[in-house]
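Notes to accompany the following structure.
Source: prediction; values computed, not measured. Lettering of chains follows the sequences in order, A, B, ..., and the numbering in each one begins at 1. Just so it is clear, the values below take in all heavy atoms, side chains as well, and ignore hydrogens, waters and symmetry mates.
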There are 2 protein chains.
Amino acid sequence: MTAVRASLATAQLTPTSYLVLGLIAREGPSTPYDLKRHVTATIGHFWSFPHALLYKEPARLTELGLLTEEREAGGRRRRLFTITTAGRQALRAWLARPSRESTELRDLGLLQLFFADLEPATARSIAKEQLALHRAQLAAYEAGRTAAAPRGSSSPSPTIEHWRGVTLRMGLLYERAAVEFWAAVAVREDPSPPSTRARSHSKVSLIRKP
Amino acid sequence: MTAVRASLATAQLTPTSYLVLGLIAREGPSTPYDLKRHVTATIGHFWSFPHALLYKEPARLTELGLLTEEREAGGRRRRLFTITTAGRQALRAWLARPSRESTELRDLGLLQLFFADLEPATARSIAKEQLALHRAQLAAYEAGRTAAAPRGSSSPSPTIEHWRGVTLRMGLLYERAAVEFWAAVAVREDPSPPSTRARSHSKVSLIRKP
DNA sequence: ACCGTCATGTAATCGGTTACATGATTCT
DNA sequence: AGAATCATGTAACCGATTACATGACGGT
């Protein structure tokens with residue numbers, strides 16, 4: 001009965017669950033370390049899944065009957081997980097169900113900027129720091145993209161390069177947006193042109209209010 | 001001693017902690033509900049902080065000595081939290097410390113797309129769904145932005161409108177990127193032009209592999 | 001007076017994060 | 001052979017999410 005409830009509780013699968021299910025469905029039987037490597041090379045660039053998760057999640061899914069596990073006898077005693085029919089079904093069901101939740105965009109730099117007026121002097125430094133970071137990330141994506149898309153690669157089925165491409169394309173667009181944003185902030189907060197135009201708001205420290 | 005350790009453990013403050021500290025530092029003594037409303041109107045659009053968090057976190061911060069709490073005697077028995085000197089200090093320290101962690105971009109639609117080849121028919125429907133969602137969100141931001149920026153508002157200090165503007169500007173840029181991305185995906189996956197150009201990869205279901 | 005929504009809070013569960021730990025490989 | 005890094009895993013804590021619950025307020 002516990003098993004029944006568990007196997008029916010499709011609703012309680014997390015994004016991590018579907019990531020694991022999807023990877024194993026596509027790549028075939030995998031060890032947690034396989035998952036880790038694949039994730040690092042693709043979606044992990046902007047959605048982090050700590051490796052401990054990728055070791056724990058397959059165990060959960062196995063309990064739910066969505067995966068099976070076999071363990072190497074000797075050597076590293078690796079765990080190899082295989083997807084079951086139920087697992088494929090859960091995955092299909094999820095793919096067919098539209099996701100209406102909106103994107104979580106969690107950025108510490110943005111949070112800092114949100115409070116930057118509390119210490120006006122830091123607004124610029126935050127912007128410059130973030131600008132540098134996002135420019136670097138953008139460059140990394142662009143380098144990876146040109147390297148990843150070998151013209152006329154006649155590989156019959158999608159390779160990991162393909163998936164790098166798919167996921168990184170969005171990352172690329174996001175980083176472009178981020179660079180644009182932080183560049184604008186940096187300019188706006190730059191005190192170098194002491195123009196007569198009034199600032200949008202006073203620059204006194206607001207951190208202590210009466 | 002526990003208290004000492006706790007108050008020194010600045011490192012273990014989470015983004016939520018700084019959000020709460022920052023809001024109370026800027027807006028003055030606040031109830032959890034005040035926090036909730038403010039967050040909903042601003043950063044909550046793309047970084048969700050469930051209201052239960054905003055009730056629990058102030059209590060934690062109070063234990064750490066970063067806030068003080070006073071409770072209404074009668075009526076709704078609201079809890080009013082005020083920031084302490086230590087709290088302001090922790091906030092300042094955080095603002096001065098650059099955040100090097102990169103953005104978390106958690107999007108269920110992207111995750112689905114990542115596995116869309118497992119069910120080729122769904123790739124397009126996912127793209128269309130996401131495109132509609134992001135267009136709607138983009139429209140909402142743009143509507144909010146024009147409404148929120150009253151020319152020549154001579155308010156002496158930044159109002160909540162100002163902060164809506166600051167946070168939503170990034171949201172706006174992100175949504176533009178997202179719309180661009182999903183539009184491209186939708187076009188690429190659209191089978192309407194049955195051109196002779198070979199597809200980048202075969203469209204057979206990969207969900208069962210030998 | 002009633003009803004719906006706003007406002008306010010608590011409890012329990014559980015996933016995610018951090019920290020720890022150690023056996024294989026590879027390089028010098 | 002030793003060092004460094006890769007590979008592999010476990011354990012524990014704790015924050016975040018979900019669910020539950022109820023009192024105040026405004027409108028009809």
Contacts of B:Phe46 meeting ring pair (Phe, Tyr, Trp, His ring centres under 6.0 Å) (sequence neighbours excluded), chain-then-number -> none

To the nearest angstrom, how far is B:Lys36 atom NZ from C:dA7 atom P? 7 Å

Less than 4.0 angstrom between a side-chain N/O of A:Arg78 and OP1 or OP2 of D:dA7, yes or no? no

Establish, for the pair A:Arg176 and A:Tyr141, whether the NZ or CZ atom is under 6.0 angstrom from the six-membered ring centre and no further than 45 degrees off its axis. no

Just to be sure I understand the geometry, which residues of residues 51-59 of chain B put a non-hydrogen atom under 4.0 Å away from DNA chain D? B:Ala52, B:Leu53, B:Lys56

Between A:Arg106 and A:Pro32, just flag the one whose closest nucleotide in DNA chain D comes earlier from the 5' side. A:Pro32

When you measure from the side-chain N and O atoms of B:Arg79 to the phosphate of C:dT8, is any distance below 4.0 Å, counting only OP1 and OP2? no

Once you round it to whole Å, what is the distance between P of D:dG15 and CG of B:Leu61? 10 Å

Assess B:Arg26 against A:Phe114: is NZ or CZ under 6.0 Å from the centre of the six-membered ring, and within 45 degrees of the ring's axis? yes

Within this structure, what is the CD-to-P distance between B:Gln12 and C:dT18, rounded to whole angstrom? 12 Å

Across all chains, not counting sequence neighbours, the salt bridge (charged side-chain N to carboxylate O under 4.0 Å, His left out) partners of B:Glu180 are none

With side chain to side chain donor-acceptor pair (under 3.5 Å) as the test, pick out the partner of B:Glu175 among B:His134, B:His45, B:Gln137. B:His134

Separation of atom CG in A:Leu13 from atom P in C:dC14, rounded to whole Å: 13 Å

Pair B:Arg60 + B:Glu57, salt bridge at N-O below 4.0 Å: yes

If you look at every strand shown and take non-hydrogen atoms under 4.0 Å, does B:Thr16 touch a base, only sugar-phosphate, or nothing? sugar-phosphate

